[in-house]
Amino acid sequence: MVQNMLVATCSEEDRLLIDRALGAGIDVRVLTCFDDVHHKVRAWYPNRTIGVPAHKATVKAAVQSAKLDIAIVREMHDVIRSALLIQTLREAGVPQIIVMCKDESRAQMYRRCGANNVVVVDPHEEAWDRIMPYLHLHVSA
């Protein structure tokens, strides 16, 4: 059984993570709901993009229909937007949400919004190595 993973708030830093997940046999979808990254993400991953407006109801509906096992969210510059996205993913029924952030002081807030795990990652650090232990919990034997 193939694991279904969503990568949200996709940026240049996430491309290696997505490529590694695809290489590991994980079915990756990339959520893009902010205009500043729509075109880039569609160019990078044309058949894997879930592009919806940044409205709670449309994001929630798109995520629910994708039937995901896990979501990876990289914290955005706007912490409130990040928190709202995490909350929407939780309400959409994503069973495992991992948040990558730069500051440990925001971890508790993200957990209250619905994150199962918060990983503090330096922007230049290899994120795949940091989240891999959490993925092993959900990869089928």
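No experiment lies behind these values; they were computed from the predicted model shown. This chain uses plain numbering: 1 for the first residue, then up along the sequence.
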Review item, side-chain donor-acceptor pairs of residues 51-64, under 3.5 Å, at least two apart:
from : atom 1 : to  : atom 2 : distance (Å)
K56  : NZ     : E91 : OE1    : 3.0
K56  : NZ     : E91 : OE2    : 3.2
T58  : OG1    : P53 : O      : 3.0
T58  : OG1    : H55 : O      : 2.9

For the backbone of D69 and the side chain of N4, can you confirm whether one donor and one acceptor N or O come within less than 3.5 Å of each other? no
Which residues pass the side-chain contact (heavy atoms from CB on, under 4.5 Å) test with S82, not counting sequence neighbours? E75, M76, Y110
Salt bridge (Lys or Arg N to Asp or Glu O under 4.0 Å) with R29: which residues, sequence neighbours excluded? D27
Evaluate Y134 against V119 for side chain to side chain contact (heavy atoms under 4.5 Å, CB included), listing each step before the verdict. CA-CA 10 Å; Y134 300 106; V119 179; 3.4 Å; yes
Which atom of A8 lies closest to which atom of L85, heavy atoms considered: CB-CD2, 3.8 Å
Ignoring hydrogens and angles, tell me if any N or O in the side chain of R90 forms a donor-acceptor pair with the backbone of C113 under 3.5 Å. no
Which is it for R48 and L22 under the side chain to side chain contact (heavy atoms under 4.5 Å, CB included) test, yes or no, and what are the steps along the way? CA-CA 11 Å; R48 299 191 171 281; L22 290 169; 3.4 Å; yes
Under the side chain to side chain contact (heavy atoms under 4.5 Å, CB included) criterion, do V94 and L6 qualify, and how do the steps go? CA-CA 9 Å; V94 178; L6 178 77; 5.6 Å; no
Using the rule that two of Ile, Leu, Val, Met, Phe, Trp, Tyr join whenever any of their side-chain heavy atoms come within less than 4.5 Å, decide whether L84 and L89 are in one cluster. no
Would you say I72 and D14 make side-chain contact, with heavy atoms under 4.5 Å? no
Side-chain heavy-atom pair R111, V99 within 4.5 angstrom cut-off: no
Can you find a heavy atom in the side chain of Y45 that is under 4.5 Å from one in the side chain of D19? yes
Any heavy-atom pair between the side chains of M109 and V79 that's under 4.5 Å? yes
Taking C-beta and beyond as the side chain, do C101 and V120 meet within less than 4.5 Å on heavy atoms? yes
How many angstroms lie between atom CZ of R74 and atom CD1 of I131, to the nearest 0.5 angstrom? 9.0 Å
Can you measure from CD1 (I18) to CE (M5) and round to the nearest 0.5 angstrom? 7.5 Å
